[in-house]
Amino acid sequence: MTDSILALNDIHKAFGGIVAIDNFSLELRAGEIVALVGDNGAGKSTLIKIVSGVHKPTSGSIKLDGKDVSFSDASSAREAGIEVVYQDLALADQQPVYMNMFLGREMTKGPLGLLDKRKMMEETQSLVDELDVRIPSARATIRDLSGGQRQGIAIARATHWASKLILLDEPTAALGVAETARVEELILSLRERNIAILIVSHSLDQVFRLSNRICVLRRGQQIGVRETAETDKNEIIAMITGLQT
């Protein structure tokens with residue numbers, strides 16, 4: 001894990017007179033999972049939105065593969081190889097899995113630009129088989145799937161399009177124990193694709209199961225970054241709350 005994918009340097013974000021993020025720096029490497037933790041209002045969502053192009057930083061720099069980037073919007077971040085899986089998943093419930101996989105990026109064929117449904121189905125089925133996302137088929141309608149299956153599809157879609165970085169915002173918040181375990185297996189398998197993963201989670205158990213490093217935010221301030229194998233829950237809780245144990 002030596003290749004730097006994303007480098008945030010002295011990121012500052014203010015909304016009017018309110019400082020949401022103050023002098024935040026973090027590097028993510030290929031094949032690495034970094035967890036971003038902190039209480040509500042710590043600035044985690046703001047940081048995710050900065051990396052994904054929704055917000056521009058007030059100051060500071062963002063490097064992708066060592067090159068300075070400035071995203072004008074979320075589309076430009078996606079074009080650069082950054083994908084986000086939000087809590088609401090952004091799936092079209094009435095559409096089949098394969099249409100969701102290519103939502104906004106539909107494959108077409110012929111001079112009339114007709115939808116190439118067969119090719120989209122084949123590519124989707126190949127991907128869910130490769131990632132072991134257990135669904136009836138690529139033709140299944142999203143509304144008929146379980147919460148874990150939907151989350152699997154959202155992560156598979158991000159995996160299909162991300163070439164650099166995947167951002168996961170509370171990926172298992174609404175799932176039961178068994179489905180959480182399956183989604184966590186899927187997340188761990190993404191390391192082999194040599195992309196970087198930044199995960200926001202309120203579950204410290206999950207953070208310690210999945211991450212290589214843990215970054216703590218408190219009230220917009222970066223409190224510190226720890227190697228997961230070299231810290232424990234007590235230290236992370238103390239960093240999150242500001243209460244020393």
message = Run D65 and K164 through salt bridge (charged side-chain N to carboxylate O under 4.0 Å, His left out) and show every step you take.
response = CA-CA 8 Å; D65 275 349; K164 306 296 182 188; 2.4 Å; yes
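- Between M239 and I236 there is a side-chain heavy-atom pair separated by less than 4.5 Å.
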task = Take K44 and D169 through the salt bridge (charged side-chain N to carboxylate O under 4.0 Å, His left out) test and state the conclusion after the steps.
result = CA-CA 9 Å; K44 303 185 301 296; D169 186 7; over 6 Å; no
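- A 6.0 Å sphere centred on CZ of R118 holds no more than 12 heavy atoms belonging to other residues, nucleotides or ligands.
- For the pair L175 and R182, the minimum side-chain heavy-atom distance is 4.5 Å or more.
- Cation-pi geometry between R105 and W161 is met: under 6.0 angstrom from the ring centre, within 45 degrees of the axis.
- For E227, the CD atom counts as densely surrounded, since its 6.0 Å shell holds more than 12 non-hydrogen atoms of other residues, nucleotides or ligands.
- Salt bridge annotation for D68-K63: present, with a cationic side-chain nitrogen under 4.0 angstrom from a carboxylate oxygen.
- Residues L26 and R213 share a closest heavy-atom pair of CD1-NH1, 4.2 Å.
- In this structure, V84 is not a member of the same hydrophobic cluster as I33, with clusters built from ILVMFWY side-chain heavy atoms closer than 4.5 Å.
- Summarising the local packing, CZ of R143 is surrounded by more than 12 heavy atoms from other residues, nucleotides or ligands at distances under 6.0 Å.
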ask   = Can you check salt bridge (charged side-chain N to carboxylate O under 4.0 Å, His left out) on R191 and E32, steps first, answer last?
value = CA-CA 6 Å; R191 284 176 172 162; E32 179 183 41; over 6 Å; no
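- With sequence neighbours excluded, the residues forming a salt bridge (charged side-chain N to carboxylate O under 4.0 Å, His left out) with R193 are E130, listed by chain and number.
- When all heavy atoms of V85 and A158 are compared, the closest pair comes out as CG2-CB, 3.7 Å.
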